[in-house]
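Here the structure comes first, spelled out in structure tokens, and everything after it is commentary.
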Amino acid sequence: MYAPRKFKKAFMERLLLSLQVAGLTSKSMGLRERRDAVRLSSDVAMASARGRAAPWARALVARHAAEGRNEPLLRRIMGGDGYERAAAAAGGRKEARSRRIVRRSQRVCSSRRKRRSLAMAAASVGGALAARRLVKGRLRLLRRLVPGAGALRGFSLLSETLDYVVCLKTQVELMQSLCKGSQQQQQQKLQLG
């Protein structure tokens, strides 16, 4: 894994910098735009603090780069070179996505035959097959939830999921501390004003 304190410090520095660059103090931003900018800034800061070694970090930034409406904000936060790398990664992601769609449609077409054969096998083998099917279904769900985990299998998938969840927990803690600090600052202004 990595050093949690070092990650938390790097994450906080990058988050504050990206929020500042995003211009969230602008009065012209609507509530929805501000929310999207905070989410984008937070995700990019978390991914860059974690580093390019984690597949979920690269996939998270690539997902944001794939959305056209995020381009100006991502360019401001990541700079020109960082955005170009993320956009290139997002381009490769589209090809993988189309392959997944084809595979999914093939699975849907053959699912009736599988259901019949699984029902017959479950009747004969019993709980072992049902447990294996349950585990496969949950691993499939994890692959959908964790960015960049589509190609991972078994223990590497569980390791990346754990890493991603720890980083999300840190993200929530930092956002909560920023909210508390903001509220305390507003209360002090009201008391002094």
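Just so you know, residue 1 is the first one in the sequence shown, and it goes up from there.
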What are the two closest heavy atoms between G148 and P55, and how far apart are they? O-CB, 3.9 Å
Any side-chain heavy atom of L168 within less than 4.5 Å of one from Q171? yes
Please list, chain by chain and in numerical order, all residues satisfying side-chain contact (heavy atoms from CB on, under 4.5 Å) with E13, sequence neighbours excluded. K9
Residues A57 and G51: closest non-hydrogen pair is CB-O, 3.5 Å
Which of these, L19, V21, L17, sits in a side-chain contact (heavy atoms from CB on, under 4.5 Å) with S41? L19
Determine yes or no for a side-chain-to-main-chain donor-acceptor pair under 3.5 angstrom, with S182 supplying the side chain and L178 the backbone. no
Would you indicate whether the side-chain heavy atoms of D43 and V61 approach each other to under 4.5 Å? no
Could you work out, with side-chain contact (heavy atoms from CB on, under 4.5 Å) as the rule, every residue matching A45, not counting sequence neighbours? F11, R14, L15, S18
Any non-hydrogen side-chain atom of R35 less than 4.5 Å from a side-chain atom of L31? no
So which heavy atom on S42 is nearest to which on M175, and how close? OG-SD, 4.2 Å
Within the structure provided, determine whether T170 and L174 are in side-chain contact (heavy-atom separation under 4.5 Å). yes
Set of residues satisfying side-chain contact (heavy atoms from CB on, under 4.5 Å) with respect to P147, sequence neighbours excluded: W56, A59, L60, R63, Y164
Is there a continuous path of hydrophobic side-chain contacts, each under 4.5 Å between heavy atoms, that joins L134 to L141? no
Is it the case that one hydrophobic cluster holds both F155 and L162, taking links as side-chain heavy atoms less than 4.5 Å apart, direct or via other members? no
Nearest heavy-atom pair of S177 and M12: which atoms, and what distance? OG-CE, 3.8 Å
Rounded to the nearest 0.5 Å, what separation is found between the OG1 atom of T161 and the CG atom of L152? 8.0 Å
Would you say V146 and D163 make side-chain contact, with heavy atoms under 4.5 Å? no
Mind checking whether M46 and L16 sit in one hydrophobic cluster, side chains of I, L, V, M, F, W, Y counted as touching below 4.5 Å? yes
L158 side chain reached by L142 side chain, heavy atoms, under 4.5 Å: yes
How about R58 and R50: do any of their side-chain heavy atoms sit closer than 4.5 Å? no
